[in-house]
Amino acid sequence: MAGRKVVAAKASKTAKTKPAGRGAGQLELVPVEPAARKGARPPPPPPRRARAAAAVAPAPDAPVAAVATEDAAAPDALAAKAPRRRATAEQMAAKQREISISEFFTKNRHLLGFDNASKALLTTIKEAVDNSLDACEEAGILPEITIEVRDLALNAKGEGELTKGEGRFVVVVEDNGPGIVKAQAPKIFGKLLYGSKFHRLKQSRGQQGIGISAAAMYGQLTTGQPIRVTSRIGKGKPAHFFEIQIDTRKNNPVVTEDRELADWHQEHGTRVELEIVANWQQGQRFVNRYVEHTALSNPHATFHYVRPRQEPLTFPRAVEELPKEALEIKPHPHGVELGALMLMAQDSKSHDVRGFLQTAFSRVSATVANEIVKRAGFKAKVRPRDLAEDRTLAAKLHEAIRDTKIMAPPTQVLSPIGDTLMKKGLVSFLTVIETEGPEDDEQLDLDQAKKKKASKKEKEAKAEAPEVPDAPPEEGVEKIKGHNYFIATVTRPPKVYRGNPFQVEVGLAYGGSWPADKPIELFRFANRVPLLFQKSACGMTEAIVKTDWRNYLLSQPKGSLPVGPMALLVHIASVWVPFTSEAKEAVAHYPEITREIQLAAQECGRKLAAHIRKKQHADYQAQRRSIFELYIQEVAQAIGKITKKSPEPIKRDFLRLADKVTEQELAEQDAALEEQSKKITKRPRRSEEEDE
């Protein structure tokens, strides 16, 4: 359309008569005005009001896209043209401030295991019980611990309706330990990252100095109530009662009440009371499982468990002796990194590098120290302070340490449960479980193993099975509450990962009332503490799943735990357990640890396979004997008539022959299975190399 342009009909006063039906704001074609002739006088300027109106109104010859959308785009255009407000460096600096560790964990409490009300209940109890057990063992006292959960919806007589869902509960943990010095109590319970365990290498349940103070912080956040602590350090000493809050801005304790008690029933010990928001309805199965497993891994302790509207439950100690004392060790030089080496050198009081190496590390003798210095190429005397200030010198020393052959760290410093105590713990645990009866509820969310009552088909199958007289007591078999359990335990020799010694133990209980058509129960422990969450993310689970349990006569779906009537206990003892998070719920996947767990599981598996084969022998012989007995009487009588002899000796000879034949067949099967199981030990090593 040459010579024409599109404009708004509303804005054009030169437009011709509009067709009927065309409204204002529609578009039409109008002729373009001819250009001004050369030399023509320009029109006079419009008045001021007209100029103002013209500035706002669109020009008659403006493009339609700009004119038609001007009203709608005006705010956006103004916003785009407006200058953007920018903060200055001074303004940003004024907003910055230091963040305390308690303030950080207040907003990130899920990192410590307080991500929901049911899990927070378990975490609170676990942290208090861990501290009690550590204190009792370090003081040489056989632990006696009371765990109590009170629902505040009930009155003092226990009357009322139990809280459904989230509500206020009081958690009480009381022990007979050495007590806490008055001056230290506020810092222990009201200051995060305060304790005696983080800066030393010693096997203990606590590692970071966060647990109980984090529980106090959670209670303060959810209920506004302080933690209440009662402690006495000895007979004849006064008992002190504290109410402690945490100043989360400064990570400092605030004591709201401090008084002496005229009388307290404990001669020595500590009582901790926390009021928290919890969910007992969903969380009680977690707490039940934790108490059961803690009693299993600590057979030297007595636990009293008091629950709302239920009978108190007691787990008596199975042994009257404390476990072997764990000793503190120095770090191994092969496990130290360059930055840590420089920090250690800065804090050292030695006069030269040789003395620093011998005093700061384990397994470094004078000869080894001289060899390291020689490899580093230090000709002049070098002081530890020089290493802290000169990164080049420190790097040379670090490389020399790495290239020097140094004896592995001492492993006798560890305190495993041990085969004897582990077996006694399993027996005591199974005794209480059989008394309580199996639970109908599922186990933990991430724990696929379930312990349920026998199904109707299982009961019918047992009723139809022929009754076999009790066999003589078999090695490794324990009769508990009328059920036979085969129990086997293995304790591996200590090993080292990243310069830290560790030791793996595995125990199993097979048979009894465990369901035969469900995945096995896997109990994970680290330094005697049960790990109840993040099962699928744990290195222990990975090691058990990678073990081929089909070689030990158990069925196993691919990539899953084996299926069968068995409970498996896995325990790692170490001066520093490599947990995957601050919540201490799963162990990291270190190849050295995974390998040791597999070897221990395979050794237990071989013992289990031998037991299952013996049981199969007995069943097979009984079955064959029953078949022979159907006809042997008639055959013996017929032969007796022919030979004119008594049929009884003939019958006994036939029974001996049947036993001999079946035993020979089963012995051949045993030899084949034993040869196959011996080859299993080398498989994990080959699989690891393939993975790399």
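- Between atom OG1 of residue Thr124 and atom NZ of residue Lys119 there is a gap of 12.0 Å, rounded to the nearest 0.5 Å.
- The aromatic rings of Trp280 and Phe169 sit tilted, their planes meeting at an angle between 30° and 60°.
- Using a 4.0 Å cut-off between a side-chain N of Lys or Arg and a carboxylate O of Asp or Glu, Arg375 and Asp403 do not qualify as a salt bridge.
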Could you go step by step and tell me if Leu221 and Arg109 meet the side chain to side chain contact (heavy atoms under 4.5 Å, CB included) rule? CA-CA 10 Å; Leu221 287 173; Arg109 62 194 186 196; 4.1 Å; yes
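- Closest approach of Ile417 and Ser297 over heavy atoms only: CD1-O, 3.8 Å.
- Judged by distance alone, the side chain of Glu505 and the main-chain N or O of Gly418 form a donor-acceptor pair under 3.5 Å.
- Arg498 and Tyr590 share a donor-acceptor pair across their side chains, judged by distance under 3.5 Å alone.
- Between the side chain of His293 and the backbone N or O of Leu532 there is no donor-acceptor pair closer than 3.5 Å.
- A salt bridge links Asp548 and Arg550; the closest N-O separation between the charged side-chain nitrogens and carboxylate oxygens is under 4.0 Å.
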Step-by-step side chain to side chain donor-acceptor pair (under 3.5 Å) determination, His300 to Glu137: CA-CA 10 Å; His300 61 286; Glu137 291 175 8; 2.8 Å; yes
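- Distance alone, capped at 3.5 Å, is enough to place a donor-acceptor pair between the His332 side chain and the Met407 backbone.
- Here the straight-line distance linking atom CD1 of Ile572 with atom CD of Gln203 works out to 10.0 Å at 0.5 Å rounding.
- Listed for the Thr594 side chain is no donor-acceptor partner under 3.5 Å among the backbone atoms of His589.
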Given Lys495 and Glu592, is the salt bridge (Lys or Arg N to Asp or Glu O under 4.0 Å) satisfied, shown in steps? CA-CA 8 Å; Lys495 299 292 181 180; Glu592 301 91 340; over 6 Å; no
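- The aromatic rings of Tyr485 and Trp514 stand perpendicular to each other, their planes meeting at an angle above 60°, with 30° marking the opposite boundary.
- Counting heavy atoms from C-beta outward, Leu296 and Leu426 have side chains that approach closer than 4.5 Å.
- By the 4.5 Å heavy-atom criterion applied to side chains, Val173 and Ile145 are counted as neighbours.
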Go through it in stages, so that I can follow the logic: the residues are Phe533 and Phe286, the test is ring-ring contact (aromatic ring centres under 6.0 Å, His included), and I'd like the CA-CA distance, side-chain angles, deciding distance and then a yes or no. CA-CA 9 Å; Phe533 295 96; Phe286 300 165; 5.2 Å; yes
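- Glu542 contributes atom CD, which lies 11.5 Å from atom CD1 of Ile593 (distance to the nearest 0.5 angstrom).
- Contact check for Val563 versus Pro557: side-chain heavy atoms found under the 4.5 Å cut-off.
- Counting heavy-atom neighbours within 6.0 Å of Glu389 CD, excluding the residue itself, gives a total above 12.
- Across all non-hydrogen atoms, the minimal contact from Asn252 to Lys191 is OD1-NZ, 3.2 Å.
- Nearest approach of Ile520 to Leu561, heavy atoms of both residues: O-CD1, 4.2 Å.
- Taking CG of Asn500 as the start and NE2 of His334 as the end, the distance is 13.5 Å to the nearest 0.5 Å.
- Ile544 and Ala601 get closest at one heavy-atom pair: CD1-CB, 3.9 Å.
- To the nearest 0.5 Å, the span separating CG on Asn176 from OG1 on Thr270 amounts to 10.0 Å.
- Under a 3.5 Å cut-off, the side chain of Gln556 and the backbone N or O of Val545 do form a donor-acceptor pair.
- Put simply, the side chain of Asn370 gets close to the backbone of Ala366: a donor and an acceptor are under 3.5 Å apart.
- Put simply, the side chain of Leu133 does not reach to within 4.5 Å of the side chain of Arg528, judged on heavy atoms.
- Side-chain contact between Ile372 and Val353: absent, with no pair of heavy atoms (C-beta onward) separated by less than 4.5 Å.
- Side-chain N/O atoms of Ser118 and Asn279 include no donor and acceptor closer than 3.5 Å.
- A 4.5 Å side-chain heavy-atom check between Lys202 and Leu327 finds every atom pair outside the cut-off.
- Within the 4.5 Å cutoff, no side-chain heavy atoms of Arg363 are placed close to those of Val368.
- Val129 has its side chain within reach of Phe303: a pair of non-hydrogen atoms, C-beta onward, lies under 4.5 Å apart.
- For the pair Ile246 and Ser213, the tightest heavy-atom approach, listed with the atom from each and the gap, is CD1-O, 3.4 Å.
- A distance of 9.5 Å separates CD in Gln503 from NE2 in His571, rounded to the nearest 0.5 Å.
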Could you walk me through whether Arg289 and Glu292 pass the salt bridge (Lys or Arg N to Asp or Glu O under 4.0 Å) check? CA-CA 5 Å; Arg289 195 65 60 189; Glu292 293 170 357; 3.2 Å; yes
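- Heavy atoms from other residues, nucleotides or ligands lying under 6.0 Å from NZ of Lys324 number more than 12.
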Determine, stepwise, if the pair Lys584 / Val529 fulfils side chain to side chain contact (heavy atoms under 4.5 Å, CB included). CA-CA 10 Å; Lys584 298 182 292 185; Val529 177; over 6 Å; no
Worked check of side chain to side chain contact (heavy atoms under 4.5 Å, CB included) between Thr547 and Gln602: CA-CA 7 Å; Thr547 303; Gln602 290 164 2; 4.0 Å; yes
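- Scanning all heavy atoms of the two residues, the minimum distance from Leu414 to Phe502 falls at CD1-C, 3.5 Å.
- Across Thr541, Val587, Leu522, a single residue satisfies side-chain contact (heavy atoms from CB on, under 4.5 Å) together with Val570, and that is Leu522.
- Put simply, the side chain of Ser574 gets close to the backbone of Pro501: a donor and an acceptor are under 3.5 Å apart.
- Looking at Asp134 and Ser204, their side chains never bring a donor and an acceptor atom within 3.5 Å of each other.
- By the 4.0 Å N-to-carboxylate-O rule, Lys126 lies too far from Glu585 to be salt-bridged with it.
- Under the 3.5 Å distance criterion, the side-chain polar atoms of Arg317 are matched with a main-chain donor or acceptor of Pro143.
- Each of Asn527, Asn298, Asp130 was evaluated against Arg205; a single residue qualifies, Asn298, per the side-chain hydrogen bond (donor to acceptor under 3.5 Å, both in side chains) test.
- Within the 3.5 Å criterion, the main-chain N or O of Val277 finds a donor-acceptor partner in the side chain of Tyr218.
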Side chain to side chain contact (heavy atoms under 4.5 Å, CB included) between Ile401 and Leu357, intermediate numbers included: CA-CA 10 Å; Ile401 291 173; Leu357 292 173; 4.1 Å; yes
